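Each remark here refers to the structure printed beneath this line.
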Amino acid sequence: MAMTLEEHKERNARSKKLLLWFAIMSMIMVFAGLTSGYIVSKSRPDWKTFTIPNAFLISTIVIIASSITFHLAKIAIQKDKKSSTTSYLLITLALGIAFVFFQFKGFSELVAIGLYPTGPTSTITTQFLYAFVVVHLAHLAFGLISLLVVIYNHFKQKYNATQTLGIELGAMFWHFLDFLWLYLFLFLYFFK
(Lines give C-alpha, C1' and ligand atoms only; values in the text may rest on other atoms or scores of the structure.)
Protein backbone atom coordinates (compact mmCIF):
# COMPACT_ATOMS: atom_id res chain seq x y z
CA MET A 1 0.00 0.00 0.00
CA ALA A 2 1.43 3.38 -1.03
CA MET A 3 1.88 6.16 1.48
CA THR A 4 -0.12 9.34 0.91
CA LEU A 5 1.60 12.72 0.81
CA GLU A 6 0.05 13.63 4.17
CA GLU A 7 1.34 10.41 5.77
CA HIS A 8 4.79 11.08 4.34
CA LYS A 9 4.80 14.66 5.74
CA GLU A 10 3.67 13.37 9.14
CA ARG A 11 6.34 10.66 9.24
CA ASN A 12 8.99 13.18 8.15
CA ALA A 13 7.93 15.61 10.89
CA ARG A 14 8.01 12.86 13.55
CA SER A 15 11.49 11.77 12.42
CA LYS A 16 12.88 15.30 12.57
CA LYS A 17 11.37 15.95 15.98
CA LEU A 18 12.78 12.66 17.28
CA LEU A 19 16.25 13.56 16.00
CA LEU A 20 16.00 16.92 17.74
CA TRP A 21 15.01 15.19 20.99
CA PHE A 22 18.08 12.92 20.71
CA ALA A 23 20.29 16.00 20.24
CA ILE A 24 18.66 17.73 23.21
CA MET A 25 19.18 14.65 25.40
CA SER A 26 22.89 14.56 24.50
CA MET A 27 23.20 18.26 25.42
CA ILE A 28 21.46 17.60 28.72
CA MET A 29 24.05 14.89 29.42
CA VAL A 30 26.89 17.38 28.82
CA PHE A 31 25.44 19.81 31.34
CA ALA A 32 24.62 17.02 33.79
CA GLY A 33 28.31 16.09 33.70
CA LEU A 34 29.37 19.70 34.24
CA THR A 35 26.98 20.22 37.15
CA SER A 36 28.04 16.92 38.73
CA GLY A 37 31.69 17.97 38.49
CA TYR A 38 30.81 21.34 39.98
CA ILE A 39 29.04 19.74 42.97
CA VAL A 40 31.94 17.36 43.62
CA SER A 41 34.49 20.18 43.29
CA LYS A 42 32.69 22.35 45.88
CA SER A 43 34.27 20.21 48.60
CA ARG A 44 37.79 21.28 47.54
CA PRO A 45 39.64 23.53 49.99
CA ASP A 46 40.40 26.07 47.23
CA TRP A 47 36.71 26.55 46.35
CA LYS A 48 35.65 30.21 46.45
CA THR A 49 32.14 31.58 46.76
CA PHE A 50 31.01 34.26 44.33
CA THR A 51 28.09 36.48 43.52
CA ILE A 52 26.25 35.98 40.25
CA PRO A 53 26.67 39.10 38.07
CA ASN A 54 23.56 41.25 37.65
CA ALA A 55 23.98 40.97 33.88
CA PHE A 56 23.24 37.24 34.16
CA LEU A 57 19.92 38.02 35.85
CA ILE A 58 19.05 40.48 33.08
CA SER A 59 20.04 37.91 30.44
CA THR A 60 17.76 35.37 32.14
CA ILE A 61 14.79 37.74 31.84
CA VAL A 62 15.74 38.47 28.21
CA ILE A 63 15.93 34.78 27.19
CA ILE A 64 12.60 34.01 28.85
CA ALA A 65 11.05 36.91 26.89
CA SER A 66 12.62 35.55 23.69
CA SER A 67 11.08 32.15 24.32
CA ILE A 68 7.67 33.81 24.68
CA THR A 69 8.08 35.73 21.40
CA PHE A 70 9.18 32.57 19.56
CA HIS A 71 6.08 30.79 20.88
CA LEU A 72 3.93 33.71 19.72
CA ALA A 73 5.56 33.45 16.26
CA LYS A 74 4.59 29.78 16.11
CA ILE A 75 1.01 30.58 17.09
CA ALA A 76 0.85 33.42 14.54
CA ILE A 77 2.01 31.22 11.63
CA GLN A 78 -0.49 28.53 12.62
CA LYS A 79 -3.17 31.21 12.14
CA ASP A 80 -1.53 32.33 8.86
CA LYS A 81 -0.73 35.77 10.32
CA LYS A 82 2.52 36.24 8.41
CA SER A 83 3.23 39.85 9.39
CA SER A 84 2.80 39.01 13.08
CA THR A 85 5.05 36.00 12.60
CA THR A 86 7.70 38.22 11.04
CA SER A 87 7.51 40.69 13.92
CA TYR A 88 7.75 38.00 16.59
CA LEU A 89 10.66 36.25 14.85
CA LEU A 90 12.61 39.51 14.51
CA ILE A 91 11.92 40.40 18.15
CA THR A 92 13.14 36.92 19.13
CA LEU A 93 16.34 37.52 17.16
CA ALA A 94 16.88 40.91 18.82
CA LEU A 95 16.31 39.36 22.25
CA GLY A 96 18.72 36.50 21.41
CA ILE A 97 21.40 39.03 20.50
CA ALA A 98 20.63 40.99 23.69
CA PHE A 99 21.07 37.77 25.68
CA VAL A 100 24.55 37.30 24.21
CA PHE A 101 25.38 40.95 24.99
CA PHE A 102 24.40 40.54 28.63
CA GLN A 103 26.34 37.28 28.89
CA PHE A 104 29.50 39.11 27.83
CA LYS A 105 28.62 41.97 30.17
CA GLY A 106 28.41 39.32 32.91
CA PHE A 107 31.89 38.12 31.95
CA SER A 108 33.21 41.68 32.26
CA GLU A 109 31.56 41.97 35.70
CA LEU A 110 33.34 38.77 36.76
CA VAL A 111 36.70 40.07 35.51
CA ALA A 112 36.08 43.43 37.25
CA ILE A 113 35.86 41.65 40.61
CA GLY A 114 38.96 39.57 39.86
CA LEU A 115 37.39 36.29 38.75
CA TYR A 116 39.48 35.27 35.75
CA PRO A 117 38.91 32.08 33.73
CA THR A 118 42.65 31.36 33.35
CA GLY A 119 45.96 32.56 34.72
CA PRO A 120 47.55 32.69 38.14
CA THR A 121 44.47 34.16 39.87
CA SER A 122 42.05 31.68 38.31
CA THR A 123 40.36 29.14 40.57
CA ILE A 124 38.43 25.95 39.99
CA THR A 125 35.30 27.93 40.85
CA THR A 126 35.77 30.47 38.07
CA GLN A 127 36.77 27.79 35.60
CA PHE A 128 33.47 25.98 36.19
CA LEU A 129 31.51 29.23 36.01
CA TYR A 130 33.09 30.18 32.69
CA ALA A 131 32.70 26.63 31.35
CA PHE A 132 28.94 26.70 32.04
CA VAL A 133 28.45 30.03 30.32
CA VAL A 134 30.76 29.39 27.37
CA VAL A 135 29.27 25.95 26.61
CA HIS A 136 25.78 27.44 26.82
CA LEU A 137 26.81 30.29 24.50
CA ALA A 138 28.12 27.71 22.01
CA HIS A 139 24.72 26.04 22.02
CA LEU A 140 23.06 29.43 21.73
CA ALA A 141 25.16 30.14 18.63
CA PHE A 142 23.48 27.11 17.03
CA GLY A 143 20.14 28.41 18.29
CA LEU A 144 20.75 31.80 16.64
CA ILE A 145 21.80 30.09 13.41
CA SER A 146 18.63 27.98 13.44
CA LEU A 147 16.57 31.11 14.17
CA LEU A 148 18.19 32.86 11.19
CA VAL A 149 17.33 29.86 9.02
CA VAL A 150 13.72 30.00 10.25
CA ILE A 151 13.57 33.74 9.51
CA TYR A 152 15.10 33.21 6.06
CA ASN A 153 12.61 30.42 5.26
CA HIS A 154 9.77 32.58 6.56
CA PHE A 155 10.77 35.40 4.21
CA LYS A 156 10.89 32.83 1.39
CA GLN A 157 7.23 32.03 2.20
CA LYS A 158 7.97 28.42 3.19
CA TYR A 159 5.68 28.52 6.25
CA ASN A 160 1.92 28.80 6.48
CA ALA A 161 -0.91 27.39 8.59
CA THR A 162 -0.42 23.92 7.09
CA GLN A 163 3.41 23.95 6.96
CA THR A 164 4.93 24.93 10.32
CA LEU A 165 7.55 22.22 10.86
CA GLY A 166 10.60 24.50 10.58
CA ILE A 167 9.24 27.00 13.06
CA GLU A 168 8.16 24.19 15.40
CA LEU A 169 11.65 22.65 15.38
CA GLY A 170 13.30 26.04 15.85
CA ALA A 171 10.97 26.86 18.72
CA MET A 172 11.59 23.47 20.39
CA PHE A 173 15.35 24.06 20.33
CA TRP A 174 15.00 27.67 21.46
CA HIS A 175 12.75 26.69 24.38
CA PHE A 176 15.31 24.06 25.34
CA LEU A 177 18.05 26.72 25.37
CA ASP A 178 15.81 28.92 27.52
CA PHE A 179 15.16 26.08 29.97
CA LEU A 180 18.87 25.18 30.00
CA TRP A 181 19.98 28.72 30.86
CA LEU A 182 17.26 29.02 33.52
CA TYR A 183 18.48 25.74 35.04
CA LEU A 184 22.12 26.93 34.97
CA PHE A 185 21.27 30.32 36.44
CA LEU A 186 19.24 28.81 39.30
CA PHE A 187 21.86 26.11 39.85
CA LEU A 188 24.67 28.69 40.11
CA TYR A 189 22.52 30.98 42.24
CA PHE A 190 21.69 28.32 44.82
CA PHE A 191 24.91 26.25 44.68
CA LYS A 192 27.59 28.93 44.73
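These numbers were taken from a predicted model, which means no experiment stands behind them. Only this structure's heavy atoms are used, side chains among them; waters, hydrogens and symmetry mates stay out.
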Exercise: do W174 and S67 side chains pair donor with acceptor under 3.5 Å: no
Any non-hydrogen side-chain atom of K158 less than 4.5 Å from a side-chain atom of Q163? no
Closest heavy-atom pair and its distance - M172, I24: O-CD1, 4.4 Å
Transitive ILVMFWY side-chain link L177 to F31, under 4.5 Å: yes
Between the side chain of T92 and the main-chain N/O of F70, is any donor-acceptor distance below 3.5 Å? yes
Are side-chain heavy atoms of F50 and L129 found at a separation under 4.5 Å? yes
F99 pairs by side-chain contact (heavy atoms from CB on, under 4.5 Å) with which of I61, D178, V62, T60? V62
Evaluation steps, side chain to side chain contact (heavy atoms under 4.5 Å, CB included), between Y130 and L110: CA-CA 10 Å; Y130 279 91; L110 291 171; 3.4 Å; yes
Tell me, yes or no, whether the heavy-atom count around H71 atom NE2, taken from other residues, nucleotides or ligands under 6.0 Å, exceeds 12. no
As a quick check of understanding, evaluate side chain to side chain contact (heavy atoms under 4.5 Å, CB included) for K74 and Y88, giving each step before the final call. CA-CA 9 Å; K74 187 176 91 166; Y88 288 130; over 6 Å; no
Using modelled atom types only, decide if a donor and an acceptor are shared between the side chain of E7 and the backbone of T4 within a distance under 3.5 Å. yes
Would you call L89 and L147 a side-chain contact if the rule is heavy atoms closer than 4.5 Å? yes
Interatomic spacing from OG in S146 to CZ in F173 - rounded to 0.5 Å: 6.0 Å
Ignoring hydrogens and geometry, is there a side-chain-to-backbone donor-acceptor pair from T85 to I77 under 3.5 Å? yes
So I75 and K79, do their side chains get closer than 4.5 Å, heavy atoms only? yes
Roughly how far, to the nearest 0.5 Å, is CG of L93 from CD1 of I151? 4.5 Å
Please check if the side chain of S122 supplies one atom and the backbone of P117 the other of a donor-acceptor pair under 3.5 Å. yes
Under the side chain to side chain contact (heavy atoms under 4.5 Å, CB included) criterion, do F56 and V133 qualify, and how do the steps go? CA-CA 10 Å; F56 287 170; V133 176; 3.9 Å; yes
Would a 4.5 Å heavy-atom cut-off, applied to side chains only, mark L180 and M27 as touching? no
Check: D80 main-chain N/O paired with N160 side-chain donor or acceptor under 3.5 Å: no
Atom NZ of K48: over 12 foreign heavy atoms under 6.0 Å: no
Any chance NZ of K82 has more than 12 other-residue heavy atoms, nucleotides or ligands included, within less than 6.0 Å? yes
Taking the side chain as every heavy atom from C-beta outward, state whether D46 and T125 have any atom pair closer than 4.5 Å. no
Check: A76 main-chain N/O paired with S84 side-chain donor or acceptor under 3.5 Å: no
Indicate whether any N or O donor in one side chain lies under 3.5 Å from an N or O acceptor in the other, for T35 and Y183. yes
CA sep, side-chain torsions, deciding dist, call: T69, L95, side chain to side chain contact (heavy atoms under 4.5 Å, CB included): CA-CA 9 Å; T69 57; L95 290 169; 4.0 Å; yes
If two hydrophobic side chains count as joined below 4.5 Å and joins carry through other members, does F128 share a cluster with F191? yes
What distance do L20 atom CG and S15 atom OG have between them, rounded to the nearest 0.5 Å? 12.5 Å
Identify the heavy atoms of G170 and V150 that sit nearest to each other, and give their distance. CA-CG2, 4.4 Å
Does the side chain of S41 come under 3.5 Å of the side chain of W47 through a donor N or O and an acceptor N or O? no
Let me confirm one number: the NZ-CD1 distance from K105 to I58, rounded to the nearest 0.5 Å. 7.0 Å
When rounded to the nearest 0.5 Å, the distance separating CD1 of I28 from CE of M25 is 4.5 Å
Ring pair (Phe, Tyr, Trp, His ring centres under 6.0 Å) contacts in which one or both residues fall within residues 143-172, not counting sequence neighbours: none
Mind checking the NZ-CG spacing from K17 to N12? Nearest 0.5 Å is all I need. 11.0 Å
Give the ring-plane orientation class for F132 versus Y38, where under 30° counts as parallel, over 60° as perpendicular and anything between as tilted. tilted
Using the six-membered ring wherever Trp is involved, compare the ring planes of Y189 and F185 and label them parallel, tilted or perpendicular (cut-offs 30° and 60°). parallel
Within the 3.5 Å criterion, strictly below it, is a donor on T164 or Q78 matched to an acceptor on the partner's side chain? no
Out of curiosity, does I113 fall in the hydrophobic cluster containing L57 (side-chain heavy atoms, cut-off under 4.5 Å, transitive links)? yes
F179 and L186: same hydrophobic cluster, using ILVMFWY side-chain contacts below 4.5 Å? no
Does V30 belong to the same Ile/Leu/Val/Met/Phe/Trp/Tyr cluster as L184, with side-chain heavy atoms less than 4.5 Å apart forming each link? yes
Ring centroid separation for F104 and F107, is it under 6.0 angstrom? yes
P53 and G106 have their tightest heavy-atom pair at CG-O, 3.6 Å
